[in-house]
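I have placed the structure first, in the form of structure tokens, so that the comments after it can refer back to it.
Numbers restart at 1 for each chain; the letters A, B, ... are given by sequence-line order, proteins then strands.
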Protein chains: 2
Amino acid sequence: MKNISKAISHADEYCKSRGERLTTKRKLILSELIKSDKALSAYELIDAYQEQNKSNIPAMSVYRILDFLEDVQLVHKLNLANKYVACAHICCNHEHEIPQFLICRECNHVKEISIGSTTIDEINQSVAEAGYILASPQLEMNCICNKCLSKKAA
Amino acid sequence: MKNISKAISHADEYCKSRGERLTTKRKLILSELIKSDKALSAYELIDAYQEQNKSNIPAMSVYRILDFLEDVQLVHKLNLANKYVACAHICCNHEHEIPQFLICRECNHVKEISIGSTTIDEINQSVAEAGYILASPQLEMNCICNKCLSKKAA
DNA sequence: AGACAAATGATACAACATATCATTCTAATG
DNA sequence: CATTAGAATGATATGTTGTATCATTTGTCT
């Protein structure tokens, strides 16, 4: 996720194709999320925005913008951490699969993976046996990344 | 989870065997959680406590008691919902496996299941390939229970 | 330009959680 | 049985996350 302006213009096209508008504010918020390269809380995002743009933005606006970005799947909300992360596939054209998130509890870095469909099937079966169905197969896992692990060992 | 007093006395023994004290307040909070038979937020628990005991309890105390009950694994915190649930195995003597939670997003009823170890192994492998390790293999899944599903269909 | 809808701002407040210091209770000891 | 040290709880304030509501601005279409 190096080239931010490319990612933003790609996201812009994507929104247009859906008849949605990626406004200036929305672009600025999305940029901060991409730049940070980790999961941020709404209020961390407000701070980053103010730092970058030397102007305030109300919490309400940030939440509304995050809602929008979630709706169009440019951003995912991580309920386990109450944080938000840019979709790892902003630059891909393909419809992406159901994401699974690995969240480092130390540095908040997030990896978006897709676990095998057979594994998902097994989970679905266990859930069905218990008398439930998955409302959202988005799994969020409380992890530690290798970097933080080696730091802790040191 | 019918017989609450039996569950409480079992929990009491369990705490004693670990050199911990299941005090009166802790018993009352645990009782409310067991009785409710679903996931409650800390503040819902405060309300239930006041309703039942005709006396107030500070939020701070409830959080401390929940922390204690979590430490001794009589209660689990569901981070996905910011709610707390009594361990399904209070009356079992066996050490329980890593729990997986199915949380009904409609009624907050929670089912604690154990998914197969092969499935867990597959997940662990995917996580390892991504350069992470699971900090807590407790999975929380956003579900709908069959009861609520049939209600919605009607 | 005028009008309508979409987006944003401002303000207040609700829900969830913790920090800190004071007080009370409990268990162990002399 | 009184003392005392530590554990548990209470009281108060505050931090963090998120929403409700109404006003204002911006963008689009004719």
Side-chain angles (χ1 to χ4, degrees), chain A residues 11-12 15-16 18-33 38-50 53-72 74-85 103 105 108 140, chain B residues 11-12 15-33 36 38-50 53-72 74-85 103 105 108 140:
Chain A
D12 202 8
C15 284
K16 271 184 194 136
R18 297 182 39 136
E20 304 279 3
R21 288 153 52 191
L22 193 63
T23 64
T24 306
K25 291 276 162 69
R26 287 168 178 172
K27 280 179 188 164
L28 290 172
I29 290 295
L30 182 56
S31 296
E32 291 306 320
L33 259 188
K38 61 178 186 176
L40 295 179
S41 76
Y43 283 80
E44 286 168 342
L45 211 35
I46 288 173
D47 292 344
Y49 179 97
Q50 291 181 346
N53 302 286
K54 308 303 177 198
S55 82
N56 286 2
I57 186 163
M60 191 68 249
S61 293
V62 170
Y63 277 106
R64 273 189 295 228
I65 288 169
L66 287 170
D67 279 350
F68 168 83
L69 294 172
E70 251 194 289
D71 277 351
V72 298
L74 289 170
V75 159
H76 301 290
K77 170 163 191 183
L78 304 175
N79 293 297
L80 212 55
N82 293 322
K83 290 183 193 303
Y84 303 83
V85 69
I103 309 165
R105 57 154 63 167
N108 279 320
E140 303 174 26
Chain B
D12 201 9
C15 285
K16 270 184 194 139
S17 77
R18 296 181 39 134
E20 303 280 1
R21 287 152 53 191
L22 192 64
T23 63
T24 305
K25 290 276 160 69
R26 287 169 177 171
K27 280 179 189 165
L28 290 172
I29 290 295
L30 182 56
S31 296
E32 291 306 320
L33 259 188
S36 84
K38 61 178 186 177
L40 295 179
S41 76
Y43 283 81
E44 286 168 341
L45 211 36
I46 289 173
D47 292 344
Y49 180 97
Q50 292 181 347
N53 301 286
K54 308 302 176 199
S55 81
N56 286 2
I57 186 162
M60 191 69 248
S61 293
V62 170
Y63 278 106
R64 272 189 297 229
I65 288 169
L66 287 171
D67 279 350
F68 168 83
L69 293 172
E70 251 194 290
D71 277 351
V72 298
L74 289 171
V75 158
H76 302 290
K77 171 164 191 182
L78 303 175
N79 293 295
L80 213 54
N82 293 323
K83 289 183 193 303
Y84 304 82
V85 69
I103 309 165
R105 56 154 63 167
N108 280 321
E140 302 175 25

Nucleotide D/dT9, atom P - distance to CE of B/Met60 in whole Å: 12 Å
d(CG, A/Asp47; C1', D/dT16) in whole Å: 12 Å
A/Phe68, A/Tyr49, A/Tyr84 screened by side-chain contact (heavy atoms from CB on, under 4.5 Å) with A/Ile29, the one that passes: A/Tyr49
Pairs satisfying salt bridge (Lys or Arg N to Asp or Glu O under 4.0 Å), at least one member in residues 58-68 of chain A, at least two apart: none
Whole-Å distance separating the CD atom of B/Glu20 from the C1' atom of D/dG6: 14 Å
D/dG18 phosphate, OP1 or OP2, under 4.0 Å from A/Tyr84 side-chain N/O: yes
Protein-nucleotide distance (A/Leu45, atom CG; D/dT17, atom P), rounded to Å: 12 Å
Which atom of A/Ile57 lies closest to which atom of A/Ile46, heavy atoms considered: O-CG2, 3.9 Å
Distance in Å, A/Cys15 SG paired with A/Asp71 CG, rounded so as to fall on 0.5 Å steps: 10.5 Å
Upstream residue (5' side of DNA chain D) when B/Ala59 and B/Arg26 are each assigned their closest nucleotide: B/Arg26
Whole angstrom value for the distance that separates P of D/dG18 from CD1 of A/Ile57: 16 Å
Chain B contact limits on DNA chain C, taken 5' to 3' with a cut-off of 4.0 angstrom to heavy atoms: C/dC16 to C/dT26
Close side-chain approach of B/Leu45 to B/Ile65, heavy-atom, < 4.5 Å: no
Shortest non-hydrogen contact between A/Ala39 and A/Leu78, atoms and distance: CB-CD1, 3.9 Å
Quiz item: A/Tyr43 side-chain donor-acceptor pair to D/dG15 base, under 3.5 Å: no
Donor-acceptor contact below 3.5 Å, side chain A/Glu140 vs main chain A/Ile103: no
Enclosure of B/Lys38 NZ (heavy-atom neighbours >12, cutoff 6.0 Å): no
Sequence-aligned protein contact record of nucleotides 23-30 of chain D, with B where the base is within under 4.0 Å of a protein heavy atom and S where only the sugar-phosphate is: ----S---
Closest heavy-atom pair and its distance - B/Asn108, B/Lys83: ND2-CE, 3.4 Å
Integer-rounded Å distance: D/dT9 P and B/Asp67 CG: 12 Å
Interatomic distance, A/Asn82 CG vs D/dT16 P [rounded to whole Å]: 13 Å
Separation of atom OH in A/Tyr63 from atom C1' in D/dT19, rounded to whole Å: 9 Å
